[in-house]
Every structure is written in C-alpha cells, then in structure tokens.
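The structure appears below as structure tokens.
Everything numeric here is computed off the predicted structure, so don't read it as measured data. Letters go in sequence order (proteins before strands), and every chain restarts at 1.
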Amino acid sequence: MKELPKAYEPKHYEDEIYKRWEESGFFNPDNLSGEPYAIMMPPPNVTGVLHLGHALENSLMDSMARFQRMRGKKVLLLPGTDHAAVATQAKVERLLVEQGIKNPRQELGREELLRRIREFSEQSKSTILSQIKKMGTSADWSRLAYTFDEPRNRAVNGVFVRMYNDGLIYRGTRMVNWSIGAHSVLSDDELLWEERQEPFYYIRCGEFVIGTVRPETKCADSPLVVHGDGEYLRLRFTNKEGQEDHLIVSKNLFDKKEQFQVITNHLESQSNFQVTETFTGKELEGRAFEYDTYAAKRKFYVIADEVIDMEKGAGAMTISSCHSADDYDLAKRRGLNETFIQKIDFDGKMTDVAGPCIGMTIVDARRKAVEIMKEMGLIVGEDTKYVHRLPICYRSNTVVEPMVSKQWFVNVDKEIPGRGKTLKQLMREAVTTGHNGDKNKTVRITPDRFEKGYLRWVDNLYDWCISRQIWWGHQIPVWYKGEEVYVGIEPPKDEEKWERDPDTLDTWFSSGMWTFSTLGWPEGGDFKTFHPTGWMQMGYEILFLWMSRMILFSTYVIDGIPFRDVYIHGMLRDEMGKKFSKSAGNSVDPLDVIEEFGTDALRFSLISGISPGNDARFYDEKVEGARNLVNKIWNISRFILTQFDPDGLTLETDHTSQEYTLADQWILMRLNQIIIEVTDDLENFRFSAAGEKLRDFTWSELADWYLEISKIESASPADKSFKSGILMYILEILLKLWHPFMPFVTEAIYQQRMRNSGILLMVQPWPSSVLHAGLRTDKPASEVLSEFSLLQSIVTGIRTIRNEYGIEPKKEFSIIIQTEKYQVLIDQYASIIKNLAKVSSLTITGTPDQPKQSATFVPGEGVTVFVELSDVIDVAKERERLEKEIQNLTAYVSSLEKKLANKQFVAQAPASVVATERAKYEEATAKLSALEQQRAPFSHF
RNA sequence: GCAUACGUAGCUCAGUUGGUUAGAGCGCAUGAUUCACAUUCAUGAGGUCCCUGGUUCGAAUCCAGGCGUGUGCACCA
C-alpha cells in the first residue's frame with residue numbers, strides 16, 4: 001500500500017471525488033434499482049447564497065439519501081431553486097435603484113424589468129447550485145427544477161384553473177396586508193411582528209376624546225364609535241387660556257389615574273376636572289356635530305358598537321375603514337359605505353383627502369399632522385410609553401399597511417365538488433386520520449409536537465390571498481374583457497381583445513406543488529415512480545408557509561400526501577445563542593468553514609448535538625472537534641492499510657473460530673451492535689445519536705483498544721496475516737457506516753483501499769446486522785463483553801495507580817494478580833496487560849497472599865491486583881486510597897441491600913430488574929470484602 | 001392572555017417506553033512524544049439533574065404548582 005499523508009487534507013480530495021460521483025451516474029436513480037425513494041430539496045432562493053441553514057439541510061437530506069441509497073433503494077434527491085417572487089423582485093429593484101433607476105417598474109416596464117430580474121437570477125442560480133455541490137449533496141442534477149420554469153408553470157396554471165372551476169379560487173375585495181416596500185399584497189403568514197414604542201395620542205373630536213397611534217389617518221374619519229354599554233363622562237375643566245372647556249371620555253379612562261394623568265398633564269389642568277354629566281354609549285348614539293380635523297371641517301355622528309373595547313385607549317374611536325381591519329369589518333357589517341375613504345395610496349403616500357399632508361409619506365404625514373393638531377389644540381394627551389406590535393414584510397422589511405383591495409383568494413372553507421370536504425379538512429386529515437381515512441396516507445411529523453401547532457393553524461385559517469402585485473412570478477391565468485372573465489391554461493382565442501390580469505401568484509402557490517411539479521406531473525413517468533416522496537425536512541419557521549401548502553395541493557390535486565415523513569429541524573444560532581444575521585455581523589459563510597476544516601467536518605458538526613425541532617448552537621470548537629474526528633478516521637485507516645496486508649486472508653473465507661482472540665471477538669460483537677443501533681437511529685432520524693455512537697465506537701473502542709491490541713497480537717507473520725483479514729473487514733464496514741455523515745473522507749479512503757479501481761463506496765451495500773459467518777464462538781456475547789471489560793479494568797487500574805504515584809511511564813514494574821476464576825483468561829492475555837499497562841512481570845496466583853509494599857485494586861469480582869511499588873509506596877496514601885474506595889463501595893452496597901430488603905420491590909418489580917440488582921449486589925459485596933482484606937495490614941500504621 | 005418547548009458538569013448538549021453509583025464533546029488539571037494520528041495518548045477533578053409537592057417498590061424521566069428562558073399564536077382604535 002502506498003504511503004498516505006499523515007493528516008487528511010480535504011481540499012485534495014473533495015472536488016475530485018464529487019466529480020467522480022457525478023460522472024458515475026449514481027446520483028441519477030435511473031441507474032439504480034430497488035424501491036423508489038425520493039427526497040425533494042427544499043429549493044433555496046435563486047438569488048440566495050449558501051448559508052448555514054442550507055448547509056444543515058443539505059447535511060441532513062444528503063445523509064438520509066446516502067443511507068437509503070446504500071440500503072439498496074432507488075434514491076432520487078431532486079435539486080432545485082425557488083424564484084422567490086417578492087424577495088427576488090424587491091432585491092433586484094433595490095439594486096436597480098442603487099444604479100440610478102429611480103422607479104424601475106415605471107422606467108423599464110414589465111418586459112424589461114422581468115428580463116433584468118431573469119438575468120440576475122440566472123447568474124445567481126449557478127452560485128447557489130455550485131455551493132450546494134460543495135456540501136457533497138448527492139443530488140440528481142439532470143432533474144434540476146426551478147419553481148419558475150416551463151414545466152412548473154404548466155403545473156401552476158393547471159392547478160389554478162382546476163381550483164377556479166371547482167369554485168375554490170375567487171376574486172374579492174378585502175382588507176389585505178399591503179407591503180409598501182414590496183408594492184404588493186402579502187398573505188397573513190408572510191408577516192413578521194415587531195414590537196415598537198410609538199406615541200399614543202389622545203385627540204379631541206368635538207368634545208369627545210379618541211385615542212390613536214395613527215393621527216395621520218384622522219383627516220377624514222367619521223363616524224365616531226362608542227360602546228353601547230360603556231359609561232362616558234362629560235368633564236368640565238379650565239383650559240390653558242383660562243376658559244371653561246368640556247371633554248367626553250370613558251369612565252374607564254378617567255378612573256385609570258395613571259392613564260388619565262397623560263391628559264391632565266397635557267392640558268396643564270391638574271385635578272380640577274369635574275364630572276358634569278354621565279352617559280351610556282347608547283345615550284350618545286345619534287349625536288351629530290361638526291368639527292375641524294387637521295385637514296378639513298367634517299361632519300361627525302355617533303354610533304354605538306360592541307367592537308369597542310372599553311379597556312383600551314379612550315373607549316371611543318373614529319373609523320378608518322380603508323386602513324384598519326377592525327374598522328373595515330365594522331363598516332362592512334354596519335353598511336357604512338361612506339366611510340371607505342382611502343387616505344393612503346398603494347405607494348404609501350397620503351391621498352388628496354389629507355389636506356396639508358397630501359403626497360407625504362406616512363411617517364412625514366404623521367409628524368406634520370401632529371404638529372398641526374397641536375397648534376389647533378386637538379391633541380389633549382400623548383402617551384409616549386405606548387408599545388404595540390407592527391406587522392413587517394418578511395421580504396422587504398418595511399411596515400405592512402392594512403389596505404382594501406381586490407385580490408384573488410383560495411377558499412379554504414368551501415366544500416370541494418365531489419369530495420364532500422373542504423381544503424381545511426384535507427389539510428387536517430393528512431396528519432391525523434390519514435388522507436381519506438387511509439392510515440397509509442399519513443404525514444408523520446418528527447417531532448410530533450409540531451402536529452398540534454399545525455392543526456391549530458389549520459383550524460384558524462382564513463382564505464389565502466394568492467395574488468401579488470409584482471411581475472416576477474407566475475402570472476395569473478385570467479383574462480378580462482369588460483365584465484367577462486376568462487380563466488384557462490391557454491390564452492383565449494382572440495387574445496388581443498382580452499386583457500390579462502397583471503398580477504402574479506404567491507411564491508408558495510408554486511412551491512406548494514414542489515413534490516409533484518418536479519416529477520413531471522401531470523404527465524407521469526417520474527411522478528408515478530417517486531410520489532409520494534419518502535422524506536422531507538424543513539425548519540419550523542416554514543411549517544405553515546410551506547408544509548401546509550404542500551399538503552393542501554397534494555391532497556387536493558393528486559389525492560395523496562406529498563411525503564410520508566417530515567423532519568423538522570431547529571434554527572442554528574451563534575455561540576451566544578443569537579440568530580445568525582448579516583446585520584448582526586455574526587454570519588458564518590459555510591464555504592469558509594469548508595475551506596478551513598473540510599466539508600465532512602462541517603457536515604458532522606452540524607448534525608451532531610442537535611435534536612429535532614430544537615435550536616442548536618454552532619461555533620468553531622464544534623467544527624474543530626469534527627475535523628479531529630475526520631482525521632482520526634483517516635489515521636485509523638492509514639494504520640490498517642499501511643501496516644497490514646489488504647490482499648491477504650479474508651475474514652469471509654479463511655478464518656476459523658478457534659483463532660479469534662478475545663479482543664477479536666469483542667470488537668466484532670461491538671461492531672455488530674453498532675450496525676444495529678446506527679441503522680435503527682437513522683431509520684428513525686436520530687442523526688445525532690447515530691453519529692455519537694459511531695464516534696464512540698471508532699475512537700474509544702476501535703482506536704484506543706482494538707488497534708493497540710492488534711499491534712501486540714500481530715507478532716508473528718501468521719498472526720498478522722490473520723489480523724489483516726479482520727481489520728480489512730472492520731474498516732470496510734466502518735467506512736460504510738460513516739459514509740452518510742462523511743462522504744468525502746470515507747470515499748477517499750475507500751478509493752485507496754480499492755486502488756482506484758473505480759468502485760465507489762457511495763453505492764456499496766449498507767452493512768447488515770448479521771455477524772459474519774466466519775465468527776463462531778461458543779461463548780455468549782455477554783461473556784465476551786464482560787471478560788474483555790475485565791481486561792480493560794485491569795489495564796486502566798494499573799495506569800491509574802501509576803498516575804497517582806507519579807511513576808514515570810518508562811519505569812516498568814511487577815504486578816501480581818490473584819484470582820481463581822480468571823486464571824486461564826488472564827494468563828492467556830497477559831501480554832496485552834503487560835504491554836498496555838507497561839508491566840515488566842506479571843504473576844498470577846491463586847493464593848490470597850498479599851505482597852508487602854504494594855498498591856491494590858479490585859478490577860472485578862474474584863480478581864485482586866497488586867502493584868509492587870517497593871520504594872515508592874506511600875503507606876498513608878495507599879490507606880487513604882483504599883479507604884475512599886471502600887467508603888464508596890459501602891454506600892453503594894448498602895443502598896442495594898436496602899433495595900433488596902424491600903419486600904415490595906422484590907414482589908412488584910419485574911424479575912429481570914430484581915435479578916440485575918441482586919447480581920450487582922453480589923459483585924459489589926465481593927469487591928468490597930476483597931478490598932477490606934487488603935486494607936487490614938494498613939490499619940496498623 | 002393562550003399555546004409550545006426548554007432548564008442536567010465551567011461551556012455546548014445526550015439521556016428513546018420510569019430501574020445507570022447520571023453520560024459525551026469542549027474546557028480545566030497532571031503526565032507522556034521517534035514506532036497510524038499532538039488534528040495524538042494516559043489519568044484525574046468537576047453534578048442539590050431549576051424549586052416544591054404528588055404518583056410509584058423505584059423519578060433526571062410521569063403528574064400538579066411555582067420560578068426562569070426561548071418561540072409561536074392572539075390582541076393591536
């Protein structure tokens with residue numbers, strides 16, 4: 001075997017290996033056989049760059065894909081990107097503005113702007129895709145999809161038309177969320193809520209006092225609304241000018257001294273408010289008066305309605321039907337048609353009802369309106385500590401305004417013709433009873449606690465607003481000619497006479513079909529083979545945005561579920577637990593990490609120490625640890641491949657049971673257990689647990705013990721040749737087990753092992769849990785394991801004493817092991833003990849004599865070890881050491897004694913538990929008495 | 001307000017249906033270096049499993065209450 005470098009250098013292998021995998025064709029399931037198994041890559045934004053979240057997702061999905069592929073499945077990991085409608089258009093528009101194009105939509109027009117966005121995203125697409133390749137993702141690039149390409153457009157239009165014909169899609173005027181930054185409507189689920197402190201103004205309106213954080217909208221409000229059962233007070237006071245004045249406020253506000261103080265202070269009219277009249281809201285209803293707003297003189301009248309919350313503000317409000325969801329509902333309900341006055345336009349500018357504020361932005365208008373109202377004496381109070389939450393556009397990061405507009409919606413509550421169910425019910429069924437009550441068509445969510453949240457979300461769902469006033473996206477397949485409406489996949493015949501709806505569809509409308517639109521639906525082929533997909537993973541933040549829509553479309557369109565399993569992962573945070581973000585300056589570029597530590601190290605550090613649905617921290621030390629592990633695997637392999645003969649005996653054919661040493665049997669049994677456990681963990685998505693078990697086996701058992709022992713047990717050429725067979729066997733399995741986690745290093749080693757013969761590890765069969773037929777032993781596994789563990793205890797016990805007495809490592813000493821039961825065993829493996837513990841002479845005796853000047857320990861029942869220390873023995877120290885051990889053991893024994901003396905325990909606990917406890921007790925007692933015997937001589941000192 | 005998750009060693013976290021003298025990695029301490037690996041090895045110190053009560057023969061684990069932290073939803077004149 002040729003020389004291998006001392007340390008694994010990822011850079012020398014990764015790109016080359018990836019190329020080989022790609023060229024092999026095994027990323028493409030057409031070249032694989034077996035049961036189909038598909039994983040759809042959650043498509044990253046086409047304009048995005050790889051971040052840690054992608055890195056985590058790629059690690060997870062690729063580990064799963066590789067595991068399933070090795071298990072003999074026909075695995076399709078389908079890659080793709082998302083056109084991310086609003087986000088992308090907003091991003092490109094921002095860039096264009098920076099380049100001096102003030103209003104890109106106006107200046108460039110639809111076609112040209114689309115061309116620019118397309119150009120930008122095509123360029124960007126290759127970046128993210130090549131970055132995904134760096135992660136080692138074993139995706140089938142020949143099936144690369146894009147949410148905004150032709151096949152996906154056909155699917156989107158087809159589904160839209162079908163839903164329209166089923167009456168599930170309708171057009172209506174509604175209060176919607178308007179993002180001024182994105183210049184588009186958003187669905188409820190696209191809002192982020194941000195807490196802000198903004199002044200809350202008490203404004204007079206005639207004698208009435210209303211409260212608001214939006215004084216700029218108080219230019220054209222009417223009527224004034226009070227609660228019918230609310231109590232209101234008319235207060236008399238002396239104003240700044242020293243004149244008598246009146247205000248009507250809710251009793252609630254007046255009684256809340258701290259709140260009312262805001263008004264008192266403002267009017268500089270301390271404590272001389274006198275209640276002159278009291279009314280209920282009903283009594284006030286119908287009053288009419290004229291009053292000046294900051295913009296114009298207006299007529300007001302009073303109505304009473306239960307929408308008013310007496311606990312809030314002043315217990316009275318005026319209506320802004322076009323700019324508040326509650327007001328809109330109220331106005332609709334009460335038929336207050338004259339209140340639909342638009343004060344803010346879709347660019348976020350004040351309209352011509354705003355008087356002095358016409359054309360101003362909301363922020364400017366607010367400042368100006370307050371200024372004017374202050375001069376007019378309309379502002380009677382200002383609560384500067386008011387905190388409320390504002391909806392923010394998740395894409396453009398600007399405040400979202402409630403606005404009234406005509407939009408397209410998906411009706412989630414309408415019964416689907418011929419199905420007897422609503423979309424809501426379909427979404428519910430898929431995770432509860434199974435689609436159409438079929439248990440085999442159930443989406444299983446891991447961890448299952450997210451199921452509750454999902455169901456609650458489904459139950460509270462309102463119609464989904466799917467139209468967007470942007471150009472970058474699937475244009476709605478609807479044409480208008482006067483009052484006529486045409487909806488179809490193909491344009492109407494005399495197309496030029498029709499006008500197409502300029503709006504596009506919500507990006508989630510297309511990504512919701514991702515599991516089947518990517519498979520050529522409705523044409524078939526791949527769709528038939530791979531749907532429903534096997535596994536999907538995503539962060540909990542897009543559970544509602546994406547998962548729910550995939551379930552909606554799958555169940556409605558293709559009458560099935562989109563995937564059998566969905567694994568929800570948490571978010572990655574920095575060392576301090578903060579979110580990664582560019583603005584916080586803590587972002588980590590996965591490519592930098594790969595450059596420094598290698599892809600395998602990055603992948604393993606992302607996957608270990610995490611649990612589904614919970615956030616995890618990511619920091620350098622974690623990657624360093626993973627890098628060290630990668631290197632350890634490299635060196636284990638280097639040792640085996642360079643020190644032993646790869647072409648010698650094989651375990652499969654040349655080994656017979658008698659030749660196996662205890663260590664051989666032990667490591668093979670442990671390996672067998674690890675195969676079973678790791679397979680089970682991966683089948684149940686316990687990536688972290690699987691990784692930890694493998695790490696522990698690889699490092700603490702294989703490297704630290706078995707490889708060390710194999711050096712000792714390979715003294716003769718025959719023994720060495722025998723060992724080679726075992727080591728090659730273990731190495732091959734080890735590489736396979738590690739492959740899903742660390743595809744590059746394992747493949748690199750495998751290529752060395754196979755002498756670059758072109759055989760790829762990535763398609764080798766996953767190790768089976770059955771012990772190799774070559775290993776036959778009369779001993780049960782438990783006996784092998786416990787015997788080996790005794791040897792380990794003897795070795796570590798000696799090392800401990802050596803350390804405690806500060807004996808130089810080079811100094812060899814003699815030990816005596818007193819045992820009846822294990823004489824043969826210890827004698828047989830004396831050389832291991834001597835080598836690993838650096839012991840020059842080892843005597844085994846059956847007689848319980850204690851040599852003088854020695855330290856003692858009991859590694860297990862029936863064995864006592866004496867370490868001869870002659871001149872270095874420190875009697876006091878030795879006595880103390882033994883004393884401490886005995887104390888520990890005594891406490892342990894007595895706790896077991898108590899347990900076993902408990903009749904209820906013996907009677908009620910399962911027999912196996914009682915037996916285990918009894919065995920523990922017996923062993924501990926035996927150890928204890930052995931130790932006490934050793935202490936006796938010391939007690940004289 | 002409602003919901004949900006979390007609270008275990010100095011730090012980051014495991015601990016799968018109740019049965020361990022409660023674990024790992026990192027960090028720390030002591031010592032080792034030609035012989036696969038200092039990206040290494042050996043050894044060690046370090047825990048009121050947030051608190052209180054309950055269920056049970058038995059609780060880090062189940063239940064109730066409390067405290068603390070995070071997140072989602074709701075409210076949003």
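- Between the side chain of Lys632(A) and the base of C37(B), a donor-acceptor pair under 3.5 Å is found.
- At least one side-chain nitrogen or oxygen of Thr800(A) sits closer than 4.0 Å to the OP1 or OP2 atom of G44(B).
- Which of U20(B), C57(B), U43(B) sits closest to the side chain of Asn803(A) comes down to U43(B).
- Checked by atom type and distance alone, the side chain of Lys693(A) never pairs as donor or acceptor with a backbone atom of Asp681(A) at under 3.5 Å.
- Taking for each of Ser895(A) and Asn902(A) the nucleotide of RNA chain B with the nearest heavy atom, the 5'-most of the two is the partner of Ser895(A).
- What separates CG of Leu896(A) from P of G19(B) is a distance of 16 Å, to the nearest Å.
- The two atoms that bring Arg573(A) and Asp615(A) nearest to each other are NE-OD2, 2.7 Å, heavy atoms only.
- For Asp326(A), taking side-chain heavy atoms from C-beta onward, the closest of the listed nucleotides A42(B), C41(B), C76(B) is C76(B).
- Rounded to whole Å, the C1' atom of U8(B) lies 8 Å from the corresponding atom of G47(B).
- The phosphate of U12(B) (OP1 or OP2) has a side-chain N or O of Arg617(A) nearer than 4.0 angstrom.
- The partner of C11(B), taking Watson-Crick or G-U wobble pairs whose two distances both stay under 3.5 Å, is G25(B).
- Counted within 6.0 Å of NZ on Lys838(A), heavy atoms from surrounding residues, nucleotides or ligands total 12 or fewer; the atom is thus considered open.
- One can place CZ of Phe639(A) at 14 Å from P of C41(B), the figure rounded to the nearest angstrom.
- Counting any heavy atom pair closer than 4.0 Å across all strands shown, Ser320(A) reaches no nucleic acid atom.
- Here the separation of C49(B) from C62(B), taken at their P atoms, is 16 Å to the nearest Å.
- A salt bridge links Glu401(A) to Arg214(A): at least one charged side-chain nitrogen sits closer than 4.0 Å to a carboxylate oxygen.
- Considering only the side chain of Glu621(A), C26(B) comes nearest among A77(B), G44(B), C26(B).
- Taking only side-chain atoms of Asn614(A), from C-beta outward, the nucleotide of A5(B), U21(B), U40(B) with the closest atom is A5(B).
- Rounded to whole Å, atom P of C73(B) lies 12 Å from atom OH of Tyr540(A).
- Applying the 4.0 Å criterion to OP1 and OP2 of G25(B), one finds that Trp699(A) has every side-chain N and O outside that range.
- Residue Tyr619(A) places its side chain closer to U12(B) than to any other of C57(B), U39(B), U12(B).
- Distances shorter than 4.0 Å separate none of the side-chain N or O atoms of Ser637(A) from OP1 or OP2 on A36(B).
- Searching all strands for a Watson-Crick or G-U wobble partner of U34(B) with both distances below 3.5 Å returns nothing.
- Nucleotide A3(B) has U71(B) as its partner under the Watson-Crick or G-U criteria, with both atom distances under 3.5 Å.
- Taking the six-membered ring where the residue is Trp, the centroids of Tyr8(A) and Tyr13(A) are separated by under 6.0 Å.
- The ring pair (Phe, Tyr, Trp, His ring centres under 6.0 Å) with Phe687(A) is formed by just one residue from the set Phe741(A), Phe604(A), Tyr567(A); it is Tyr567(A).
- Contacts of Pro391(A) with the nucleic acid, taken as non-hydrogen atoms under 4.0 Å apart, are absent.
- Looking at heavy-atom distances under 4.0 Å, Lys920(A) makes contact with sugar-phosphate atoms alone, never a base.
- The backbone N or O of Phe580(A) lies less than 3.5 Å from no partner atom in the side chain of Asp574(A), so there is not a single donor-acceptor pair.
- The residue Arg456(A) sits close to a base: some heavy atom pair falls under 4.0 Å.
- A salt bridge links Asp680(A) to Arg686(A): one of the charged nitrogens lies within less than 4.0 Å of a carboxylate oxygen.
- Asp681(A) comes within 4.0 angstrom of nothing in the nucleic acid, heavy atoms only.
- Taking every side-chain heavy atom of Thr212(A) into account, A77(B) is the closest of A38(B), G19(B), A77(B).
- At a cut-off of 3.5 angstrom, the base of A42(B) holds no donor-acceptor pair with the side chain of Lys838(A).
- At the heavy-atom level, Lys711(A) lies under 4.0 Å from base atoms of the strands shown.
- For A36(B), the base has a donor-acceptor partner in the side chain of Glu708(A) [N/O atoms by modelled type, under 3.5 angstrom].
- Taking only side-chain atoms of Arg695(A), from C-beta outward, the nucleotide of G25(B), C57(B), U43(B) with the closest atom is G25(B).
- In this structure, the nucleotide among A14(B), U39(B), A77(B) sitting nearest to the side chain of Ala7(A) is U39(B).
- Looking at heavy-atom distances under 4.0 Å, Ile308(A) makes contact with a base.
- Comparing A14(B) with G53(B), their C1' atoms sit 28 Å apart, to the nearest whole Å.
- Rounded to a whole angstrom, the distance from the C1' atom of G46(B) to that of A24(B) is 14 Å.
- In this structure, Ser912(A) reaches neither bases nor backbone, as no heavy-atom distance under 4.0 Å exists between it and the strands shown.
- Residue Arg638(A) has its side chain nearest to A36(B) when only A36(B), U56(B), U43(B) are considered.
- Residue contacts for Arg627(A): at a heavy-atom cut-off of 4.0 Å it reaches a base atom on one of the strands shown.
- Within 4.0 Å of Val213(A), counting heavy atoms only, lie sugar-phosphate atoms of the nucleic acid but no base atom.
- No contact: Ser324(A) has no heavy atom under 4.0 Å from any strand.
- Rounded to whole Å, the P atom of A9(B) lies 8 Å from the corresponding atom of C50(B).
- For the P atom pair drawn from G65(B) and C2(B), the interatomic distance equals 12 Å after rounding to whole Å.
- A sub-4.0 Å separation between OP1 or OP2 of G31(B) and a side-chain N or O of Arg802(A) is absent.
- Nucleotide U56(B) forms no Watson-Crick or G-U wobble pair with any nucleotide shown, as no partner meets the under 3.5 Å limit on both distances.
- For the pair Lys927(A) NZ and U21(B) C1', the computed distance is 11 Å after rounding to whole Å.
- Spacing between U39(B) and C28(B) at atom P, rounded to whole Å, works out to 15 Å.
- In summary, of the residues considered (Asp459(A), Asn460(A), Val458(A)), a side chain to side chain contact (heavy atoms under 4.5 Å, CB included) with Arg456(A) occurs for Asn460(A) alone.
- Without hydrogens or angle criteria, Ser700(A) side chain to Phe697(A) main chain gives no donor-acceptor distance under 3.5 Å.
- The pairing partner recorded for U20(B) is none, the criterion being a Watson-Crick or G-U wobble arrangement whose two distances lie under 3.5 angstrom.
- Remark: G46(B) base-pairs with no nucleotide; criterion is Watson-Crick or G-U wobble with both hydrogen-bond distances under 3.5 Å.
- Residue-level contact check: Ile636(A) touches the bases, meaning some heavy atom is under 4.0 Å from a base atom.
- Spacing between G7(B) and U17(B) at atom P, rounded to whole Å, works out to 14 Å.
- Base pairing analysis places G65(B) opposite C51(B); the two distances defining the Watson-Crick or G-U wobble pair are each below 3.5 Å.
- Protein atom CG of Asp696(A) is 12 Å distant from nucleotide atom C1' of A14(B), rounded to whole Å.
- Among the atoms of the strands shown, none is found under 4.0 Å from any heavy atom of Ala907(A).
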